[in-house]
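Reminder, nothing fancy here: chain letters follow the sequence lines and each chain counts from 1.
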Number of protein chains: 2
Amino acid sequence: MSISSRFAVGIHILTLLEVNKDEVNSSEFIAASVNTNPVVIRKIMGMLKKAGLVKVRPGVAGAELADKLDEITLLDVYKAVDAVPENELFSVHGSPNPQCSVGRNIQSAVLPIFAGAQSAMEKALAHVTIQDIVRSITEQENKN
Amino acid sequence: MSISSRFAVGIHILTLLEVNKDEVNSSEFIAASVNTNPVVIRKIMGMLKKAGLVKVRPGVAGAELADKLDEITLLDVYKAVDAVPENELFSVHGSPNPQCSVGRNIQSAVLPIFAGAQSAMEKALAHVTIQDIVRSITEQENKN
DNA sequence: TTACATGTAATATAATAAGTTACAGGTGGG
DNA sequence: CCCACCTGTAACTTATTATATTACATGTAA
């Protein structure tokens, strides 16, 4: 399968908080932009909050970014929303036969390679910030 | 979620075909090493065959590698078994609100970045061959 | 205190992967 | 030539998970 859409939604939320920073961003408003249920937004917002990326308070409408735009990388978001559960992008078959030389060593042979590949992907995400996304979106807008 | 274990199993199969090349590698034998059902092996084997990585014939027991060890990269296997369905590692929420400037541009902002991150991961896989895996496994064996 | 927000538990609903059964079709030794 | 045994594949079960939804507890401020 693929990486949870929570990641894309998390990026959407943070971008929206910036673009729409002069208004009150309630979970219902955000949900309308993402096109999903407000509870989904609140759950993701809770994860972003726990990671220190947004400021939200119980009972009071609206959320805002906790950091500067260019200090929030997509990797931060990715980790915040637990985009890859248990931090393992690749799954490995659980119990290969220990009586076979391949079976008893395949995991230790393959795990470091998988970790390296995952790491390469995550490094790419670390090079992009929410500011880049905001810029990309405003540029698109200005074309029309 | 994570990338299908078909990928790890595919690597396991190809490695086993090499390590065990002097014997007959029936789907049942391979399944015993992987610890799964023979039908699962035959299905994956079918994908590897279609990609030109293994030679198998209907009715006749045993399979063998179609290419040299060092000419089969993990990226080849990854693609062969369709490890990432529809070639999209990251999922994006489907229908954001077109009446919102963020909603109508988030996809085009995010897709190239996701593609780049996925590509970085796949490039890492392209640098490793089945030979590397075989070597890693025999080295592990010799330690004991 | 009331209207309305967030936080969160509990529960559908849906999609998907892996395992399994069953059987069609191919192959070659006896 | 036929029989034992393999691969190929369709159909189905089972388990797991993501997302959406309902319901409600809790917090806030006018």
Specify the separation, in whole Å, of atom [atom1] of [X] and atom [atom2] of [N].
X       : N      : atom1 : atom2 : value
A:Asp82 : D:dA18 : CG    : C1'   : 13 Å
A:Asn37 : C:dT13 : CG    : P     : 15 Å
B:Glu28 : D:dC5  : CD    : C1'   : 10 Å
B:Ile30 : C:dG19 : CD1   : C1'   : 17 Å
B:Asn25 : D:dC6  : CG    : P     : 13 Å
B:Leu48 : D:dG8  : CG    : P     : 11 Å
B:Met47 : D:dT9  : CE    : C1'   : 13 Å
A:Arg42 : C:dA9  : CZ    : P     : 13 Å

B:Gln131 side chain to B:Thr73 backbone, donor-acceptor under 3.5 Å:
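Not confirmed, B:Gln131 side chain does not pair with B:Thr73 backbone.
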Considering every strand and a 4.0 Å limit on heavy-atom distances, what is the contact class for B:Pro85: base, sugar-phosphate, or nothing?
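Touches sugar-phosphate only.
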Side chain of [X] only, heavy atoms from C-beta on: which candidate in [options] is closest?
X       : options                : result
B:Val39 : D:dT22, D:dA10, D:dA20 : D:dA10
A:Ser27 : C:dA17, C:dT6, D:dT19  : C:dT6
B:Arg6  : C:dT8, C:dA18, C:dA5   : C:dA18

OP1 or OP2 of [N] less than 4.0 angstrom from a side-chain nitrogen or oxygen of [X], does that happen here?
X       : N      : value
A:Ser26 : C:dA5  : no
B:Ser4  : C:dA18 : yes
B:Ser5  : C:dA18 : yes

Can you tell me if [X] and [Y] form a side-chain donor-acceptor pair at under 3.5 Å?
X        : Y       : answer
A:Thr129 : A:Asp70 : no
B:His93  : A:Thr36 : no
B:Asn25  : B:Asn20 : yes

Checking side chain to side chain contact (heavy atoms under 4.5 Å, CB included) between A:Val102 and each of B:Ile30, B:Thr15, B:Ile11, which is the one that passes?
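Exactly one option meets the side chain to side chain contact (heavy atoms under 4.5 Å, CB included) with A:Val102, and it is B:Thr15.
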About how many Å separate CG of B:Asp132 and CG of B:Leu74, when rounded to the nearest 0.5 Å?
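Here the rounded value is 7.5 Å.
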Both A:Thr36 and A:Glu86 contact DNA chain D. Which one's nearest nucleotide lies toward the 5' end?
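Comparing both residues, the 5'-ward one is A:Glu86.
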What residues from residues 49-66 of chain B pass a heavy-atom cutoff of under 4.0 Å to DNA chain C?
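Those residues are B:Arg57, B:Pro58, B:Gly59.
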With side chains defined as the heavy atoms from C-beta onward, is the minimum distance between A:Leu17 and A:Glu64 less than 4.5 Å?
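Not touching, per the 4.5 Å side-chain cut-off.
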